[in-house]
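Everything below concerns the one structure shown next.
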Amino acid sequence: MARKNSRASPPPHPPPRPPHKPHSKAHGTPRATAWCSAASFTVVLLALLAASLRPAPALAPHRHLAAAAAEGDGAGGEACLNIAHLWDGRNATAPLGCEGFVRHYWEVAPRLSFAGAEFSNSLMRLGDIRSMLRTFRFRIHKNHGTVVLQEPGSGFLADRRWSRGDDVPADIVEIALREMRTLVLHNLEVYWPAVAAFTRDVVRFFHTYTQVNLYFSPAGLRVATSPHQDAHCVFIVQLHGAKRWHVHAPLSTQLTLKGLQRGKFGEILSSDDRALMGPALVNATLRPGSVLYVPRGFFHHTSTDPAALAAPGVFADASTHTDVAETREGVAHAVV
């Protein structure tokens, strides 16, 4: 478990952005077009708080966050403005603002919004994945530069054909596609300048350790990740392609600790297990520019199967008691 710091330090200054060619529609080659079919970019916010053992309904919103958001000035207020894309999409008829998000959603309810492809592209473009792998020495299962191949629906078991610390094969993307594995890159905030700059603002506002991982999943996976919990809050920013997400509230009111996460370490869960989780609050397809907030401890699972991606999406907003109907441009609110 990561150590909890009352005020986390910003990530180290990133190296200069490596030069790369402008992105064309085909992203370089026909092979590049194929492997670009279903990648997602996940911002992982690790919020390992001292209140982890308290019942969720009794956990008051973080007062220092709400206060910083309400004041609108100082480091917290400036950072709030810079990261508001994570919850106030461009189609929001009534923006929450940072204070509203903290009070009504933080560790309480999922939120789906649409920030737009311009926002997701400002963090990273799909062609940047190859540039990053060529420029920096990522290694297999090695801290602060980890690359992992995960078998879909395995309970997050990693492929062990390589030893810890091995260099990443040059054709790792092709291996993932050929063998229908999800490719995971850890700690992008250390390596990619735009991600590092955004992460610094996330840290300044939430005052907690923040890690950015990238998940690249091939198309056609009925189960990309099986139902599981995380011991941290998660913001998902879809970079390219499409991925279906389901989010379920846990029936237990205890906030999950890392060692007690369900659906990890090879444990396979069913989304129909009503002893663990309720019906899906979110059942929607994320496309470039979509942003999904998943509170700590909420179960979630994904798919890149074409039938699942094309299905209509609806989710219940437990915070505002509204139903949200998905459209290709994002989400539209309808008050019930």
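Quantities reported herein were computed from a predicted structural model and do not represent experimental measurements.
- Between A280 and H248, the shortest heavy-atom contact is N-ND1, 3.3 Å.
- Between the side chain of Q238 and the main chain of H240, a donor-acceptor pair closer than 3.5 Å is present.
- The CG atom of L309 lies 10.5 Å from the CG atom of L286; values are rounded to the nearest 0.5 Å.
- At least one donor-acceptor pair under 3.5 Å links the side chain of R274 to the backbone N or O of S271.
- L292 CG to T302 OG1: the interatomic distance, rounded to the nearest 0.5 Å, is 11.0 Å.
- With hydrogens and angles ignored, the 3.5 Å screen pairs no side-chain donor or acceptor of S163 with any backbone N or O of D166.
- The distance from the OG atom of S303 to the NE2 atom of H246 is 7.5 Å, given to the nearest 0.5 Å.
- Considering only heavy atoms from C-beta on, C233 stays 4.5 Å or farther from Y105 through its side chain.
- In this structure, D230 pairs ionically with K264, as a charged nitrogen and a carboxylate oxygen lie closer than 4.0 Å.
- R287 approaches A242 most closely through the heavy-atom pair NH1-CB, 3.7 Å.
- Note on V247: it does not cluster hydrophobically with F156, by side-chain heavy-atom contacts below 4.5 Å among ILVMFWY residues.
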Report task. Dump the intermediate steps for side chain to side chain contact (heavy atoms under 4.5 Å, CB included) on R111 and L96, then the final yes or no. Result -> CA-CA 11 Å; R111 180 171 174 83; L96 276 175; 3.4 Å; yes
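- In summary, D167 and R137 engage in a salt bridge, as defined by a charged side-chain N under 4.0 Å from a carboxylate O.
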Report task. Evaluate the side chain to side chain contact (heavy atoms under 4.5 Å, CB included) criterion for residues L183 and L149: first the C-alpha distance (whole Å), next the side-chain angles of each, then the deciding distance (0.1 Å), finally the verdict. Result -> CA-CA 5 Å; L183 175 65; L149 275 187; 3.9 Å; yes
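- No donor-acceptor distance shorter than 3.5 angstrom exists from the side chain of T135 to the backbone of M132, with no hydrogens or angles considered.
- By the 4.5 Å heavy-atom criterion applied to side chains, N187 and V212 are not counted as neighbours.
- Within the 4.5 Å cutoff, no side-chain heavy atoms of V147 are placed close to those of V184.
- Nearest heavy-atom pair, A158 versus V148, reported as atom, atom and distance to 0.1 Å: CB-CG1, 3.3 Å.
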Query - Stepwise side chain to side chain contact (heavy atoms under 4.5 Å, CB included) check, I140 with D159 - result: CA-CA 10 Å; I140 302 293; D159 191 313; over 6 Å; no
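- Cluster annotation: L239 is connected to L133 through the hydrophobic network of ILVMFWY side chains, with a link wherever side-chain heavy atoms come within less than 4.5 Å.
- No donor-acceptor distance shorter than 3.5 angstrom exists from the side chain of S120 to the backbone of P288, with no hydrogens or angles considered.
- Across every non-hydrogen atom of T182 and A224, the tightest pair is OG1-O, 4.2 Å.
- Taken together through direct or relayed side-chain contacts under 4.5 Å among Ile, Leu, Val, Met, Phe, Trp and Tyr, I129 and I175 form part of one hydrophobic cluster.
- At least one side-chain heavy atom of N283 sits less than 4.5 Å from a side-chain heavy atom of R244.
- The backbone N or O of R262 sits less than 3.5 Å from a side-chain atom of Q229, completing a donor-acceptor pair.
- If you take CD on E99 and NE2 on H104, they are separated by 8.0 Å, rounding to the nearest 0.5 Å.
- Taking the six-membered ring where the residue is Trp, F138 and F136 present perpendicular rings, their angle passing 60° and hence far from 30°.
- A salt bridge links R204 to D201: one of the charged nitrogens lies within less than 4.0 Å of a carboxylate oxygen.
- Applying the salt bridge (Lys or Arg N to Asp or Glu O under 4.0 Å) criterion to E179, with sequence neighbours excluded, gives R161.
- Proximity of W162 to P169: side-chain heavy atoms (C-beta onward) are separated by under 4.5 Å at one or more points.
- For the residue pair L269 and F299, the shortest heavy atom distance occurs at CD1-CE2, 3.7 Å.
- Residue S270 comes nearest to P227 through the heavy atom pair C-CG, 4.2 Å, listed as atom of the first residue, atom of the second, then distance.
- M277 and V108 end up in different hydrophobic clusters when Ile, Leu, Val, Met, Phe, Trp and Tyr side chains are linked at under 4.5 Å.
- The closest side-chain heavy-atom distance from V202 to T208 is not below 4.5 Å.
- Under the 30°/60° scheme for interplanar angles, the aromatic rings of Y293 and F235 are found to be tilted.
- Between E189 and R200 there is no salt bridge, since none of the side-chain N atoms of the basic residue sits less than 4.0 Å from a carboxylate O of the acidic one.
- Atom CD of E151 sits about 7.5 Å away from atom CG of L157, to the nearest 0.5 Å.
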Query raised in the report: ring-ring contact (aromatic ring centres under 6.0 Å, His included) between F114 and F119: does it pass, once the steps are laid out?
Result: CA-CA 10 Å; F114 186 71; F119 167 64; over 10 Å; no
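- Checked by atom type and distance alone, the side chain of N121 never pairs as donor or acceptor with a backbone atom of E118 at under 3.5 Å.
- L188 and V173 fall within the same hydrophobic cluster, defined by Ile, Leu, Val, Met, Phe, Trp and Tyr side-chain heavy atoms under 4.5 Å apart, directly or through other members.
- Results of the side chain to side chain contact (heavy atoms under 4.5 Å, CB included) test with K243 over L221, T285, T225, T304 single out T304 as the only residue that passes.
- Looking at heavy atoms from C-beta onward, V282 lies in side-chain contact with P110 at the 4.5 angstrom threshold.
- To the nearest 0.5 Å, the span separating CZ on F205 from CD1 on I83 amounts to 5.5 Å.
- For H228 (side chain) and H300 (main-chain N/O), a donor-acceptor pair under 3.5 Å exists by modelled atom type.
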Query - side chain to side chain contact (heavy atoms under 4.5 Å, CB included) assessment of M124 paired with L214 - result: CA-CA 10 Å; M124 174 172 278; L214 184 142; 3.7 Å; yes
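- Side-chain contact between W87 and C98 is present, with at least one heavy-atom pair separated by less than 4.5 Å.
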